[in-house]
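Note that these values count all heavy atoms, side chains included, but never hydrogens, waters or copies made by symmetry. Naming convention: chains lettered A, B, ... in sequence-line order (proteins, then strands); numbering from 1 in each chain.
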Protein chains: 2
Amino acid sequence: MPDHTPTPDTGGDYNPRDYPAVAVTVDIVMFTIVDAELKVLLIQRGTPPFLGQWALPGGFIHPDEDLADAARRELAEETGIHQDPGHLEQFGSYGDPDRDPRMRVVTVGFWAIVSDLPTPAGGSDARNAELVAVSEVESGRIRLAFDHATILADALETARSKLESTTLAAAFCGPEFTVSDLRKVYDAVWNTELDAGNFQRKVTKSKGFIEPVEMPPARHGDKGGRPASLWTPGPAETLSPPISRPIEDQSPPS
Amino acid sequence: MPDHTPTPDTGGDYNPRDYPAVAVTVDIVMFTIVDAELKVLLIQRGTPPFLGQWALPGGFIHPDEDLADAARRELAEETGIHQDPGHLEQFGSYGDPDRDPRMRVVTVGFWAIVSDLPTPAGGSDARNAELVAVSEVESGRIRLAFDHATILADALETARSKLESTTLAAAFCGPEFTVSDLRKVYDAVWNTELDAGNFQRKVTKSKGFIEPVEMPPARHGDKGGRPASLWTPGPAETLSPPISRPIEDQSPPS
DNA sequence: CCAAAAGTGTTTCCTTTACACCCATGC
DNA sequence: GCATGGGTGTAAAGGAAACACTTTTGG
């Protein structure tokens, strides 16, 4: 593409001075669910600017790696999570000239889903990586560095929307889960309380979403109740018909 | 973000050698509709590699402009279209290390909608910019340079999906249009033949999508028929409920 | 026994779909 | 008149929402 610009063409060879100095980074918005609450992985900055403030994990792309590979690598390097995410996908790029006060940085935002965080990532060698409730950021109680609040908001909307039309909700669960577990994923991401009965039908009738596990219905709840049967993710990636989130209550409180 | 990497922190100052040499470009997928057919604006390359082949318009971002500004500028510079697009939005970034044989280029893909192309962009000072039927590219009859076929395919899927849930279809029409015009937009983008009656109701009952023009119902068709009333785009940006595209016929021909 | 969670049935309502039908124009 | 496209009516089918009800466990 360089020769799309009005600058004279050099015939295939390019001098670095022909194009402006830009750095490209990836930033990762990694979601997981703990205790039926949606969490995002943040790190605490150890250097200025925004020293001490929360930020998304991320970093430079390397010369020979694709964007998604860079995201996977940075996620592992910065948070000590070496488990492969159940899902990793880009959702947008951010290139405001002033978004980083030090230099021109264009960043590509990725969002990821991880289930069953092995080490709860509370510190240890994971340098200050922590799972923070998304509500803490959405409510403004936690401020993020750079334009990371915008990036997180976009990732959230992407994730909420994707749960409607794809089977990605299952990526929040382990390899085996109950329909209740899956419903709690939707409730956590959407801030809803879906009807248990209707959800059961929708999800079990949707072909390829989840498949039954042939097993004695083991899992018991905490406080009694009929034991639920177990399911695993099915082969489908998209949901038709979709599971649509309830329209948000947009009437002002009386 | 630079100090997210394991490299030692330099305290706020950055040497260009600290990060790999990358160029950032934007590529634009500009859609319009001519004679009820979906077209995309392509340029013919005048330099190697891919000399003479079709490609998407695009180019380097400038030091002080946002990504969307760069897309607008490149669209104007490369195609002579100085009209503001009715819509311009990014849909993905592409950073495969080998996507440009000359150097590392990360490109941000934008898609745009333009209505009523003033000069049909057939040549003149617009250097070899042409409107090409999307079907020519989808069918493989036209090959695109670099990974532009992938980029175009992603833009197409984005556009097709956005027509379901947003009011963007109106951006393909002029300031005044008939319901039929709007339906032909959907038919062109989706390769469908929507039921005229049902479409009429859906679209006129959807609040904020289109609004009636108080005017003598002027527009006549070519071959007679009751004259249609005119409408303008309404204030809404999203459609609820959405206009869902029919499920694609996925049965093999007998 | 009761509480609690899993799962099914049922009723009501609304949307979608197909298609018949009328309306208003050019020829 | 006839053809053509604009717009409305209508009936059948399907899905969603609310909620009663049964099942199976823990205590």
From CZ of A:Phe199 over to P of C:dT8, roughly how many Å is that when rounded to an integer? 14 Å
Could you check which of D:dG6, C:dA6, D:dG7 has an atom nearest any side-chain atom of B:Val179? D:dG7
Could I get the full list of side-chain hydrogen bond (donor to acceptor under 3.5 Å, both in side chains) partners for B:Ser240, not counting sequence neighbours? none
Flag the pair B:Thr232 / B:Ile210 as yes when at least one side-chain heavy-atom distance between them is below 4.5 Å, and no otherwise. no
Verify the contact: side-chain N or O of A:Ser180 to OP1 or OP2 of C:dA6, cut-off strictly under 4.0 Å; return yes or no. yes
Quick test of your reading of the model: are A:Asp187 and A:Lys184 salt-bridged, counting only N-O distances below 4.0 Å? no
Please state how far atom NZ in A:Lys184 lies from atom P in C:dA5, giving the value in whole angstrom units. 8 Å
C:dA6 phosphate, OP1 or OP2: any side-chain N/O from A:Gln200 under 4.0 angstrom? no
Proximal nucleotide (of C:dT16, D:dA16, C:dG7) relative to the A:Ser229 side chain: C:dG7
Might you work through the side-chain contact (heavy atoms from CB on, under 4.5 Å) test for B:Leu56 and B:Ile28, ending with a clear yes or no? CA-CA 6 Å; B:Leu56 296 172; B:Ile28 301 103; over 6 Å; no
Using atom CZ of B:Arg183 as one end and atom P of D:dT4 as the other, report the distance to the nearest whole Å. 15 Å
Examine distances only and state if a side-chain atom of A:Asp181 and a backbone atom of A:Thr178 form a donor-acceptor pair shorter than 3.5 Å. yes
Taking A:Val114's backbone N and O only, do any of them form a donor-acceptor pair with A:Thr32's side chain (distance below 3.5 Å, no angle check)? yes
Can you check the B:Ile247 CD1 to D:dG14 P distance for me, whole Å? 13 Å
Atom CG of B:Leu194 to atom C1' of D:dG6: distance rounded to whole Å? 16 Å
B/S/- contact track for nucleotides 17-24 of chain D, protein heavy atom under 4.0 Å: BBB---BB
